[in-house]
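In what follows, chains carry the letters A, B, and so on, assigned in the order in which the sequence lines appear, proteins first and then strands, with residues in each chain numbered from 1.
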2 protein chains.
Amino acid sequence: MLNDRKKKILQLIIEDYISTAEPVGSRTIARKYDLGISPATIRNEMSDLELLGYLEQPHTSAGRIPSAQAYRFYVDSLIEPGSLTDNDMALINSWYKERRRSIDDIFQSTAKILSRMTQNVSMVLANKDAGAVFRYIKFLPLDSSHAILCIVTDDGNVDNCVVEIPLGMRPEEMDYLAGRISRVLEGKELSEISDELLSALHMDVAEDKVLFTSFLQAIKRMSRKQNEQRVFLGGTKQLLNQPEFRDVERVKSLLGILEEEKVVRDLLVAGEDSGLKITIGTENKFTGIQDCSMVQATYRLNGKIVGTMAVLGPTRMEYGKVITVMDYLHKYLKTMFEQDKE
Amino acid sequence: MLNDRKKKILQLIIEDYISTAEPVGSRTIARKYDLGISPATIRNEMSDLELLGYLEQPHTSAGRIPSAQAYRFYVDSLIEPGSLTDNDMALINSWYKERRRSIDDIFQSTAKILSRMTQNVSMVLANKDAGAVFRYIKFLPLDSSHAILCIVTDDGNVDNCVVEIPLGMRPEEMDYLAGRISRVLEGKELSEISDELLSALHMDVAEDKVLFTSFLQAIKRMSRKQNEQRVFLGGTKQLLNQPEFRDVERVKSLLGILEEEKVVRDLLVAGEDSGLKITIGTENKFTGIQDCSMVQATYRLNGKIVGTMAVLGPTRMEYGKVITVMDYLHKYLKTMFEQDKE
DNA sequence: TGTTAGCACTCGTTTTGTTAGAGTGCTAAC
DNA sequence: GTTAGCACTCTAACAAAACGAGTGCTAACA
């Protein structure tokens, strides 16, 4: 176990390195922060810390940089919960207001804000509310051979698509049909609308084969769309602000990974269970980001996972700031969604 | 005016430089391309071309690189219309098929394809069809105090949003109201739905003030949304593949510009009139991209501008390939939209 | 026993110097 | 008009030297 002075020194080194990205030497610590001890003493302590695996030296004549183990210790024990400045909060609020038409916009804004505030890449995974309950469908006539099929769910979402109808079908017939289908599906969660249910429906009210097939396909597609998980990325170009990514090759390799939506989704889903998850360096199981750290927060509404947000960046990351921002966004989203539900 | 040999040499230099990004020397030309003349002769010609402003030397002992004037001459007079390989066409088709749910997806795919094929940043500006004609509106009841307002246009698009309704309003009343509003707006182009028209409507059928205001706002918002121009960017990370952008600072400055949607929109709108527009280096009026070239193609349907696509990259750009790809995409889009209209 | 000043040592970075090579321009000959 | 030859220029690449930040160790001190 580290004594208090070692802890303090370690903390200062980590924080100095986080903000400067330069190896930290004993003199720097002595000069910048008044600990009442000389560089030589600090040197001794640093030597110990290196032996214990918390610090490493890029080379003999450089200062020291924190190891992954140090970051781990830092986020577990040293970090102090911070709070956002009023300025930051005002910025966040204004960014959210900038564009807020749909649910998607909110997620997109979240990704953007997260990346801007942390100067790192952000990822937001939105689980569409699979619990949305089917209310009814309705056909809106378009022309003699097409109509618009609207699916209404109880959360106020409407999805629509154009379907082909038998030539000259009358509105009343359509309403009748819609009514029959609606009665079967009403009250079902969209996730429940399975192939079996749909094909049963097909058997049940199969008057016009062609029409029916196109309906069913439309309904299925839409319920699938509702269930979809979507990924929002933010600030991939913030990467360039990090000295770790001064090298174009490294940027390219990371962007290559982020480009694959599937990979990002897997990455996010993997860390979804715990509320706040921080993976540092090689703790990351995904190849290609093992020299990075990731801070991920999963948010729930009534026990269900609504989504998860994450920040990905070099291990030298402002963990404190990231956590603080996420916490704020989390609360913000919560009130926003609750408002929405009313 | 340049004689044929000068033209040929200039063309070879330009094309060699485009593909290698290295200054081209007289020996290179003599060795690579069999012109039947010695390096010394080529040297003389190159010296002339430099004097005429077509070539420049980074320094004495380097080869020469084309000037902006040379590129201009190249695209105006030297370039030969190419055609895509079967392989490329197959790729494009498969990329389009990959994701094709909505109109937006098509534009997004276009941007993606354009950037992938040309290894440069692509921009697509989609003018939503302002000519869509209003058909009718319809209220779908949701709960006792909310309904979903659907706006149906004759191109089969439906927009919807949740509006507040007076507590306990009956479906028949809503239908009646919808009918009245629909009759006034029917047949109008969405772009025609002006504030005056809406407020006239307000005067005309202002039975329930609150309800009405929320309706009108919804309709207005939706017609505005319909009219919106949207910008799609593609392959901002392709930038990193270009040797010109080996330097992170340059990448950052360009990405900064592309980040501002408004700037991109202005940029695209500015070049919208002509069918194919190529701006090279300082011909660009926008600051920040004056060391870049831009190839822009505007596509129309029945005389109306549907959208415009552009490729932005270093002046050393594969102009021929870019034009060929754009031409192909143009045709592809055309058939796609025409199918859609049926 | 913990702390500190002093000093030799290490090693990466910066600076300076040197060389090799690519390319040109000029001249003279064909 | 074309070309071979050659001197000249300039950069990129490499090597050597000077610099400096930082350490580890030792001995002295409280």
Side-chain angles (χ1 to χ4, degrees), chain A residues 1-10 12-17 19-67 70 243-244 246-247, chain B residues 1-10 12-17 19-67 70 243-244 246-247:
Chain A
M1 199 50 210
L2 301 178
N3 63 34
D4 281 354
R5 196 169 71 184
K6 279 200 174 57
K7 278 188 196 166
K8 186 71 194 166
I9 290 175
L10 182 56
L12 289 177
I13 293 174
I14 293 175
E15 285 169 0
D16 196 83
Y17 183 66
S19 66
T20 66
E22 295 292 331
V24 188
S26 55
R27 278 195 59 193
T28 314
I29 295 293
R31 209 184 318 118
K32 270 199 193 169
Y33 314 94
D34 187 25
L35 293 179
I37 49 178
S38 76
T41 311
I42 296 173
R43 254 197 315 277
N44 289 332
E45 297 286 37
M46 283 167 83
S47 182
D48 291 352
L49 285 168
E50 181 168 0
L51 224 64
L52 291 166
Y54 290 104
L55 296 178
E56 24 196 69
Q57 263 185 303
H59 55 262
T60 337
S61 69
R64 287 175 166 95
I65 61 174
S67 66
E244 275 82 353
R246 200 80 53 80
D247 176 28
Chain B
M1 198 51 207
L2 301 178
N3 64 31
D4 280 355
R5 195 170 69 182
K6 280 200 174 53
K7 279 189 198 167
K8 187 69 193 165
I9 290 174
L10 182 56
L12 289 177
I13 292 174
I14 293 174
E15 285 170 359
D16 197 83
Y17 183 67
S19 67
T20 65
E22 296 290 333
V24 188
S26 55
R27 277 194 61 191
T28 314
I29 295 294
R31 208 181 322 118
K32 271 198 191 169
Y33 314 94
D34 188 24
L35 293 179
I37 49 178
S38 77
T41 310
I42 296 173
R43 244 182 342 261
N44 289 331
E45 297 286 36
M46 281 166 85
S47 184
D48 291 352
L49 285 169
E50 182 168 358
L51 223 64
L52 291 166
Y54 290 103
L55 295 178
E56 23 196 72
Q57 265 185 301
H59 54 263
T60 338
S61 68
R64 286 175 167 96
I65 61 173
S67 66
E244 275 82 354
R246 199 79 54 80
D247 176 29

Identify all pairs in which a protein N or O lies below 3.5 Å from an N or O of nucleotides 1-5 of chain C, and state each distance.
unit_1 : atom_1 : unit_2   : atom_2 : d
dT3(C) : OP1    : Arg5(A)  : NH1    : 2.7
dT3(C) : OP2    : Arg5(A)  : NH2    : 2.9
dT4(C) : OP2    : Ser38(A) : N      : 3.0
dT4(C) : OP2    : Ser38(A) : OG     : 3.4
dT4(C) : OP2    : Thr41(A) : OG1    : 2.4

Can you give me the N/O atom pairs linking the protein to nucleotides 12-18 of chain D at distances under 3.5 Å, or say none if there are none?
none

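For Asn44(A), there are no side chain to side chain contact (heavy atoms under 4.5 Å, CB included) partners two or more places apart in sequence or in a different chain. Scored by the side chain to side chain contact (heavy atoms under 4.5 Å, CB included) test, Arg27(B) finds Arg31(B), Pro39(B) as partners (sequence neighbours excluded).
Looking at every heavy atom in both residues, Leu2(A) comes nearest to Lys7(A) through O-CE, 3.6 Å.
For the pair Asp48(B) CG and dC26(C) P, the computed distance is 12 Å after rounding to whole Å. One atom, CD of Gln57(B), and another, P of dT11(D), lie 11 Å apart when rounded to the nearest Å. At whole-Å resolution of the value, CG in Leu51(A) and P in dT23(D) are 15 Å apart. What separates CD of Glu22(A) from P of dG12(C) is a distance of 16 Å, to the nearest Å. Computed from coordinates, the Ile9(B) CD1 to dT24(C) P distance equals 12 Å when rounded to whole Å. We find that CG of Leu49(B) is positioned 12 Å from P of dG25(C), with the value rounded to whole Å. Rounded to whole Å, the distance from CD1 on Ile42(B) to P on dG25(C) is 13 Å. Asp16(A) has its CG atom 15 Å from the C1' atom of dA21(D), to the nearest Å.
At a threshold of 4.0 angstrom between heavy atoms, the contacts of Arg64(A) are confined to the sugar-phosphate backbone, with no base atom among them.
A donor-acceptor contact under 3.5 Å links the side chain of Ser61(B) to the base of dC10(D).
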Please tabulate, for side-chain N and O atoms in residues 50-58 of chain B, each donor-acceptor pair with protein atoms closer than 3.5 Å (sequence neighbours left out).
unit_1   : atom_1 : unit_2   : atom_2 : d
Glu50(B) : OE1    : Arg64(B) : NE     : 2.7
Glu50(B) : OE1    : Arg64(B) : NH2    : 2.8
Gln57(B) : NE2    : Thr60(B) : O      : 3.0
Gln57(B) : NE2    : Ala62(B) : O      : 3.4

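With a 6.0 Å radius and a threshold of 12 heavy atoms from other residues, nucleotides or ligands, Asn3(B) has its CG atom above the threshold.
Looking at DNA chain C, the stems built from 3 or more consecutive Watson-Crick or G-U wobble pairs, each pair with its key distances under 3.5 Å, are C:1-30 with D:1-30.
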